[in-house]
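Since the structure comes first, as structure tokens, the remarks are kept for the end.
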Amino acid sequence: MNNPLQQTIEAVAKEKGIEPEVIITAIEDAVLTASRKYYKSDENLRTKFNPETGQVELFAVRQIVEDVSDPVTEISLKEAQDLYGEDAEVDMEIEFPKPTDVLGRIAAQTAKQVIFQKVREAERDNVYAEYSDRLSEVVSGTVKRFENGDIFVEAGRVEALLPRREQSRAENYTTGDRVRAVIREVNKNTKGPQLILSRTDPVLLIKLFEQEVPEIYDGTVAIRGAVREAGDRAKVAVYSRERDVDPVGACVGMKGTRVQAIIRELRGEKIDIVEWSEDAALFVTNAISPARVQRVTIVDPLEKVVEVIVEDRQLSLAIGKKGQNVRLAAKLTGWKIDIKSEEEKRREVEAQFDGLAAGEPATLTLPGLDEDQVRRLSEAGLDTADRLLAATTDQLVGIAGIDPEAAEALKAAIQEQVAAAERAVEEAAQPAEAAEAAEAADEQTTS
């Protein structure tokens, strides 16, 4: 470098990660701003950085014209030719040097503020350009300080923010701790941290699985969905593209080593790994894990409502603490899940058939129909399951005013309800028959 200022520019540029030209432009703009404040004239001022001398030169620019209307910004062609010879032409610009050593302390302070602002803007533009395409990536950093529950993380040369709302309640940090988080947002605002991190986003869980499970990284096993209640429990749906690869086993690892590494990273958060399936009933069955499901009935395929029956002793496990297990299963599958125990379902079906014995019609759920459509079906005599199932698709379309696909879905839902009721009655009858057989055996033994 030829002079100390150029050396300083190079050093600052390297430290801030910006181009030296950005700093030179900032210096030129700063001197120009200070000069305008000092001279307070209407002159067209221009600044240039001289790399040989390391000085910022100031010029008053005047344009060559035939007839001068503004002597401050214009100069006549004759006067210009007198100064610069016959080469001077109309519309050319002439620069007249002006001194900068008279600007004084206040002007220097103004220049310093402008330079600082320009350099900071350039830094933020660089950070935004670097990280705007890296959303959902995992970054590592060091806890720097705490403010009102928020954590400031030093990630390389960038200061990132881990807000309180994005922190897992199972985690506590102290200054200097290492932390891994996913990039949730990148700001271009002039104030505050630009990187917003998250430790609660399901994307973090997916990225950790990609790092720990080679089969996911190479595409053999795919993650079809992940949901979390950070600090408590998470569910991940996985699918294998190769028949010989068990997706759940691949994610768990030998003796649970792979999933345990992720659990440690998430400070003990429980993780259920379930197999994804195109079959909604099978997927819901898997998602209710660790509870064992007796059967799943699709109540309304249009509204995506399913009924899940579990053993009485499995009901609390299926629902989970404060409904957490079934809530996560519903988020993962996208279906509304109504969980009932076998005893609840048995009582419900018995009540329906008791009503039939008393001459009351059994209650049917007609998915996808409004009150007016149900009334039209009833007025047409289609007010029982048998009559609805006996009706043709064209009849349902004409009476209820629905499309053929909805009519077929309606008949399928009714058929499913009838089959479920029949199964429930059979199951309800089994304990009674067993009790009668036991009573008869006791009588024979007594006699």
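Starting from 1, each residue takes its place in the sequence as its number. Keep in mind the model is a prediction, meaning the values are calculated, not measured.
- Atom CH2 of Trp276 is separated from atom CG of Leu282 by 10.5 Å, given to the nearest 0.5 angstrom.
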**OP:** Evaluate the side-chain contact (heavy atoms from CB on, under 4.5 Å) criterion for residues Lys270 and Ile263: first the C-alpha distance (whole Å), next the side-chain angles of each, then the deciding distance (0.1 Å), finally the verdict.
**Re:** CA-CA 7 Å; Lys270 297 180 180 67; Ile263 290 173; over 6 Å; no
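- Here the closest heavy-atom approach between residue Thr285 and residue Val296 is recorded as OG1-CG2, 3.2 Å.
- Residues passing the side chain to side chain contact (heavy atoms under 4.5 Å, CB included) test with Ala181, sequence neighbours excluded: Leu197, Arg199.
- Summarising the geometry of Arg228 relative to Ala234, their closest heavy-atom pair is CG-CB, 3.7 Å, with the distance given to 0.1 Å.
- When all heavy atoms of Leu161 and Asp150 are compared, the pair lying nearest together is CD1-CB, 3.7 Å.
- More than 12 heavy atoms of other shown residues, nucleotides or ligands fall within 6.0 angstrom of atom CZ in Phe59.
- Separation of atoms CG (Asp201) and OG (Ser168) is listed at 13.0 Å; rounding is to 0.5 Å.
- Atom CD of Glu43 sits about 11.0 Å away from atom CZ of Arg36, to the nearest 0.5 Å.
- Side-chain contact between Cys251 and Val259 is absent, with no heavy-atom pair separated by less than 4.5 Å.
- Residue-environment remark: CG (Asp42) stays at or below the threshold of 12 foreign heavy atoms within 6.0 Å.
- Residues Gln63 and Asp91 meet the side-chain proximity criterion, which asks for heavy atoms closer than 4.5 Å.
- Annotation: Tyr217, atom OH; neighbour count of heavy atoms from other residues, nucleotides and ligands within 6.0 Å does not exceed 12.
- With contacts defined as side-chain heavy-atom distances shorter than 4.5 Å, the pair Ile339/Ile288 qualifies.
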Side-chain donor-acceptor distances from residues 241-250 under 3.5 Å, at least two apart:
residue	atom	partner	partner atom	Å
Arg241	NH1	Gly219	O	2.6
Asp246	OD1	Val248	N	3.3
Asp246	OD2	Gly249	N	3.1

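- With 3.5 Å as the limit, one finds no donor-acceptor pair spanning the side chains of Thr392 and Asp394.
- Taking the charged nitrogens against the carboxylate oxygens, Arg145 and Glu159 do have a contact shorter than 4.0 Å, which makes a salt bridge.
- Within a 6.0 Å radius of CZ in Arg267, more than 12 heavy atoms belonging to other residues, nucleotides or ligands are found.
- In terms of the salt bridge (charged side-chain N to carboxylate O under 4.0 Å, His left out) criterion, residue partners of Asp338 (sequence neighbours excluded) are, by chain and number, Lys340.
- Between the CG atom of Asp403 and the CG atom of Leu396 there is a distance of 11.5 Å, given to the nearest 0.5 Å.
- Between Phe209 and Ile273 the shortest side-chain heavy-atom distance falls below 4.5 Å.
- With hydrogens and angles ignored, the 3.5 Å screen pairs a side-chain donor or acceptor of Gln314 with a backbone N or O of Arg292.
- Residue Arg233 holds its CZ atom at 11.0 Å from NZ of Lys321, rounded to the nearest 0.5 Å.
- No donor-acceptor pair under 3.5 Å is formed between the side chain of Arg295 and the backbone N or O of Ile309.
- Atom CZ of Arg313 has 12 or fewer heavy atoms from other residues, nucleotides or ligands within 6.0 Å.
- Side-chain contact between Leu45 and Leu32 is present, with at least one heavy-atom pair separated by less than 4.5 Å.
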Original post:
Yes or no on side-chain contact (heavy atoms from CB on, under 4.5 Å) for Ile298 and Trp335, after CA distance, side-chain angles and deciding distance?
Top reply: CA-CA 10 Å; Ile298 296 178; Trp335 286 75; 3.9 Å; yes
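- Summarising the geometry of Phe283 relative to Glu275, their closest heavy-atom pair is CD1-O, 3.9 Å, with the distance given to 0.1 Å.
- A side chain to side chain contact (heavy atoms under 4.5 Å, CB included) with Ile262 is found for exactly one of Leu204, Leu205, Val236, namely Leu205.
- Glu343 meets the salt bridge (charged side-chain N to carboxylate O under 4.0 Å, His left out) test with Arg346, Arg347; sequence neighbours excluded.
- The heavy-atom pair separating Lys304 from Gly334 by the smallest distance is CE-O, 3.7 Å.
- Annotation: side chain of Glu95 is in contact with side chain of Lys48 (closest heavy-atom distance under 4.5 Å).
- Side chain of Glu344 to backbone of Ser341: a donor-acceptor contact under 3.5 angstrom is found.
- Atom NZ of residue Lys235 and atom OG of residue Ser289 lie 5.5 Å apart, to the nearest 0.5 angstrom.
- Of all heavy-atom pairs between Thr47 and Glu28, the closest is OG1-O, 2.9 Å.
- Remark: Glu166 pairs with Leu162, Pro163, Arg184, Ser198, Thr200 by the side chain to side chain contact (heavy atoms under 4.5 Å, CB included) rule, at least two apart or across chains.
- Residues Val221 and Tyr239 have side chains not in contact (no heavy-atom distance under 4.5 Å, counting atoms from C-beta outward).
- Among the candidates Arg327, Lys322, Arg169, the single residue satisfying the salt bridge (Lys or Arg N to Asp or Glu O under 4.0 Å) test with Asp232 is Arg169.
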**OP:** Starting from the C-alpha separation in whole Å, work towards a yes-or-no answer on side-chain contact (heavy atoms from CB on, under 4.5 Å) for Leu332 and Val274.
**Re:** CA-CA 10 Å; Leu332 185 66; Val274 302; 3.7 Å; yes
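- Between the side chain of Gln260 and the backbone N or O of Lys255 there is no donor-acceptor pair closer than 3.5 Å.
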Subject >> Stepwise side-chain contact (heavy atoms from CB on, under 4.5 Å) check, Arg180 with Gln211 >> reply: CA-CA 13 Å; Arg180 281 201 292 178; Gln211 293 175 4; 2.7 Å; yes
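- Looking at residues two or more places apart in sequence or on another chain, you find a side chain to side chain contact (heavy atoms under 4.5 Å, CB included) between Pro214 and Arg258.
- In this structure, the side chains of Asp272 and Asn325 come closer than 4.5 Å at one or more pairs of heavy atoms.
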